[in-house]
Protein chains: 2
Amino acid sequence: MSLELLRKLANSMMPLPDHEWEALAACWHPVQFKRKEVITVAGEVEKYLYFVNAGVQRLFCLEGDKEATLLFTYTGSFSGIMDSFQLQQPTSAYLEALTASDMLRMSYADFDRLTLQYPTIERWVRLGTVAALSGLLERHKELLSFTAEQKFRKLLTRSPHVLQLIPHKYLASYLGIDPATFSKLLSTVKL
Amino acid sequence: MSLELLRKLANSMMPLPDHEWEALAACWHPVQFKRKEVITVAGEVEKYLYFVNAGVQRLFCLEGDKEATLLFTYTGSFSGIMDSFQLQQPTSAYLEALTASDMLRMSYADFDRLTLQYPTIERWVRLGTVAALSGLLERHKELLSFTAEQKFRKLLTRSPHVLQLIPHKYLASYLGIDPATFSKLLSTVKL
DNA sequence: ATAAAATGTTGATCTGCACCAAGATTTTCT
DNA sequence: AGAAAATCTTGGTGCAGATCAACATTTTAT
């Protein structure tokens, strides 16, 4: 069971005393998902916090017959439906594996115990959550004020690698534009 | 200095032992803003967490020549630029008073000390932040998938009172639609 | 109370982008 | 390797909603 990536991340953010790290590490359990497999279904309460050892995942909602993609998670990042997990309330989102995924996960009971027992961990979770909020606010601002082309360009400059990593129809959904429009924008930029 | 509203809110969410409440209460200081006064400017680090005793405030960004309104805060809610405050990083947003505002505020130094000293408070801040994240995700989903009319209707059903409270041009900006379109939608619904 | 500023309304254009559809290409599965 | 499924491309069309503009109304400040 590989905790290397997670340990590296933890150390870079907040070095923990050895015994706290032990307690934390003991709560993670490996789990695998196949490509296209749905990890969490709308209506459920998110049972786990995930850490991605390998693969790409997508968080999305169904609105009528359309999907709205909220975010992607990647190798080396946390995953799961964070608000549903922390508040233990039903979610209206789906989490699915876009590629075969190798993940670690922690149950809510363990998470709750750790945060109550170790103030450092509680604090670290808070700051991680704020960072997520900050990123979402930034994207929100773009949705409110950018044209399709501006959103497209921003994606290209901020995360060019996702073009090879994620099917374009999902990137289009993430930007709130039509897949055909995405394709047309792409062709204008490639010249 | 009126801590009534704040105390009521705190008790409803998480009753604190008396001495913790004392420590918390001692950190708040009253402050007033005039209508249209800018409370925090883009580029700054948010110095304070606010609690609104009276008034309405608006959080927005400038993108080119347009404003994108991210959220409103009201009597009885917290205010401030939460991510900038908690992370002590510069913000790209502005906070302004839409009406004359009567607020309480707490410095970051006090906030930091309280969260380190009292695990209950640290935890409560985390859960408040998650709740904010949850609400923002919900709105994000709507921006991605709703038409102007759908967003308009949702606003009317969820918060009809804001129609009397907030100038419609800001509501339009909040929904990401043109003020003229907002006005036209309003007239169709009034019949 | 009055002037001035801000906000809201309404109609007439104009356009960005969604929508549709059919074919080309790529990826996945066995 | 080959068949099937998924994804991407590209052109044509239509419309939701932005933009423009002029006037009406409401709110604020003195």
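Chain letters run A, B, ... following the sequence lines, proteins first and then strands; every chain starts at 1.
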Heteroatom pairs (N/O) under 3.5 angstrom, protein to nucleotides 13-22 of chain D:
residue	atom	partner	partner atom	Å
D:dG17	OP1	B:A148	N	2.7
D:dA18	OP2	B:D178	N	3.1
D:dA18	OP2	B:T181	OG1	2.6
D:dT19	OP2	B:K66	NZ	3.3

Extract from the structure each pairing of a protein N or O with an N or O of nucleotides 25-30 of chain C at less than 3.5 Å, listing the distance.
none

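In this view, B:K184 satisfies the side-chain contact (heavy atoms from CB on, under 4.5 Å) rule with no residue, not counting sequence neighbours. Take A:D112 and apply the side-chain contact (heavy atoms from CB on, under 4.5 Å) test, not counting sequence neighbours, and it matches A:Y108, A:T115, A:L116, B:R123. For B:P160, the side-chain contact (heavy atoms from CB on, under 4.5 Å) criterion is met by no residue, not counting sequence neighbours.
Of all non-hydrogen atoms in A:R35 and A:L98, the two that sit nearest each other are CG-O, 3.4 Å.
Residues of residues 161-168 of chain B that place a heavy atom closer than 4.0 Å to DNA chain C, in numerical order, are B:P167, B:H168.
Ion pairing of A:E4 with A:K8 is absent here, as no side-chain N (NZ or NE/NH1/NH2) approaches a carboxylate O to less than 4.0 Å. Between A:E142 and A:R139, none of the side-chain N atoms (NZ, or NE/NH1/NH2) sits under 4.0 Å from a carboxylate O, so this pair counts as no salt bridge.
Rounded to whole angstrom, the span from the CG atom of A:L143 across to the P atom of C:dC17 amounts to 13 Å. Regarding B:Y170, its OH atom lies at a distance of 15 Å from the P atom of D:dT27, rounded to whole Å. Per the geometry, CG belonging to B:L171 stands 12 Å off C1' belonging to C:dT7, to the nearest Å.
B:K151 comes within contact range of no nucleotide atom at all, as no heavy-atom separation falls under 4.0 Å. Note on A:K34: nothing from the nucleic acid sits closer than 4.0 angstrom, heavy atoms only.
The only member of A:K151, A:Q150, A:R158 that meets side chain to side chain contact (heavy atoms under 4.5 Å, CB included) when paired with A:K154 is A:R158.
Put simply, CZ on A:R58 and CD1 on A:I166 are 9.5 Å apart, with the number rounded to the nearest 0.5 Å. B:E46 CD to B:S79 OG: the interatomic distance, rounded to the nearest 0.5 Å, is 8.0 Å.
Between B:W28 and B:D110 the shortest side-chain heavy-atom distance does not fall below 4.5 Å.
Checked against a 6.0 Å centroid threshold, the rings of A:F72 and A:Y170 do not count as neighbours.
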